[in-house]
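For reference, the structure is listed below as structure tokens.
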Number of protein chains: 2
Amino acid sequence: MTRATPRNAVSSQTVLDTALTLFAERGYHGTALSQIAEALEVRTPSLYNHMTSKQELLQTIVEATVRGVLADFRQATQGRTEPIDRLFHAVLVYARRHATHRREAIVVNRDTSSLEEPFRSQMQALRREHEHALRQIISDGVAAGRFTVDSPALASFAIRELCVSIARWYQDDGPIGPDQVAREYTEFALSIVGVGKR
Amino acid sequence: MTRATPRNAVSSQTVLDTALTLFAERGYHGTALSQIAEALEVRTPSLYNHMTSKQELLQTIVEATVRGVLADFRQATQGRTEPIDRLFHAVLVYARRHATHRREAIVVNRDTSSLEEPFRSQMQALRREHEHALRQIISDGVAAGRFTVDSPALASFAIRELCVSIARWYQDDGPIGPDQVAREYTEFALSIVGVGKR
DNA sequence: CCAGCTAGCTAACGCTCGTAAGTTTCGCTT
DNA sequence: AAGCGAAACTTACGAGCGTTAGCTAGCTGG
């Protein structure tokens, strides 16, 4: 049975959450399990009651995040056919996620290279799916005469990295909420492909 | 005296260059001195004939890069007074640098947190100088009615990260040169602050 | 041709890391 | 009240890290 009133609130969840915070702060290789343990006020080997390895922590974080991004994208674009509409909502949820899931975004973008094979390649394939889907929207929009941009590939890269960058400065306790940031950045994205304010 | 025909072409320069490549690939903490040595076909302790510590390698890379960015900025903006003109040239050189100095940009943006104090704080102060100078151009442009943007701070963040992101996908042997990338990204930046193509 | 310096080498250090094994504590169930 | 099981603990391991010390080969300048 799981303890009703545990002496300390340590669980798979809290270990993962603490790892997430520290990985985002100092990187995967820059974070020692002893630091995670210390943050939880526990000895290092006790962590193994809630996980199987340090690498597994990273894999859990990356997989959940990458799958979340794809799920967001599908939900945001399904049923929409107009390129401007599709791009607007695809960017909106992607930008928003980087304000609400800052730590995850930072870890995925910095430490994917620390994933062991073949997991790393699998995750990269999933990321490419999102990458290509977004580029496709832009290409379609250019073909339909809705967007004005020299290179859809360049614009796609620019827009994605623009959203990712939110994770690097956004502060939860700041004066501006996730929805507001997402809307402003979506405006930036649309202006990149030559769509003025509506 | 320096050897005229060294057995192997190992020097402070080549050590730094190899470190730069590996740091960019795997991160500072993810790179072992033994890997740098292996790439140079030399045993690990031999590196100490050309450097004083691993940390020093990182410091050299970061300092040169950050100072380079500031020097670029000053040269590009001096003598220019028109906000559009100032922003155009400031972004152009900044974007260009991220195509020509990819590895440096990646290391600075990922591993500044691995710098030891007080060096880390000094470098952050220098980076803030560039940050503030760029934001000032945007604020001035908004005040002068040249730019249309809700928040100069947000736009400044977006434009800087946009340039930084070039380092993450640009390939020297690709079909597109540094000047061309820089020009296209500068167009993106100007469209973010509401300046259409000229 | 020899002295000296540069830059390589081997060996070894102290430390920290991730992980394993086995033991102890203690609340909940029966 | 007993005892089971979860989750903490201590101890220890082997590997790898950055770095130091001391030795050696060989080119270079005199």
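Residue numbers start from 1 in every chain, and the chains themselves are labelled A, B, ... in the order their sequence lines are given, proteins ahead of strands. FYI, side chains are in, hydrogens and waters are out, and symmetry mates aren't considered; it's all heavy atoms of this structure.
- We find that B:Arg183 and B:Glu187 are not joined by a salt bridge, their nearest charged nitrogen and carboxylate oxygen being 4.0 Å or further apart.
- Ring pair A:Tyr94/A:His130: centre-to-centre distance below 6.0 Å.
- A distance-only check finds no donor-acceptor pair linking the side chain of B:Ser156 to the backbone of B:Pro152 [under 3.5 Å].
- In B:Gln13, the CD atom is not crowded: 12 or fewer heavy atoms of neighbouring residues, nucleotides or ligands sit closer than 6.0 Å.
- Taking a 4.0 Å limit (strictly below) on heavy-atom distances, residues 22-39 of chain B does not reach DNA chain C anywhere.
- Side-chain nitrogen and oxygen atoms of B:Ser46 include none within less than 4.0 Å of the OP1 or OP2 phosphate oxygen of C:dA7.
- The nearest whole Å value for the distance from the CG atom in A:Leu47 to the C1' atom in C:dT19 is 11 Å.
- Within the 3.5 Å criterion, the main-chain N or O of A:Gln55 finds a donor-acceptor partner in the side chain of A:Tyr28.
- If you take OH of B:Tyr48 and C1' of C:dA11, they are 15 Å apart, rounded to a whole angstrom.
- Aromatic ring orientation, A:Phe157 versus B:Trp169: parallel (interplanar angle below 30°, classes split at 30° and 60°).
- Atom CD of B:Glu116 is separated from atom P of D:dG18 by 13 Å (rounded to the nearest Å).
- Nearest to the side chain of B:Pro45, among C:dG8, D:dC9, C:dT10, sits C:dT10.
- A donor-acceptor contact under 3.5 Å is formed by the side chain of A:Asn49 with the base of D:dA8.
- Contacts between residues 50-58 of chain B and DNA chain D, counted as heavy-atom distances below 4.0 Å, involve B:Ser53, B:Lys54.
- Side chain of B:Arg43, nearest nucleotide from D:dT10, C:dA7, C:dC9: C:dC9.
- Electrostatic pairing of B:Arg97 and B:Glu104 does not count as a salt bridge here, judged by no charged N lying under 4.0 Å from a carboxylate O.
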Exercise for the section: Step by step, work out the side-chain hydrogen bond (donor to acceptor under 3.5 Å, both in side chains) result for B:Ser121 and B:Glu117. Expected result: CA-CA 6 Å; B:Ser121 298; B:Glu117 293 291 0; 2.7 Å; yes
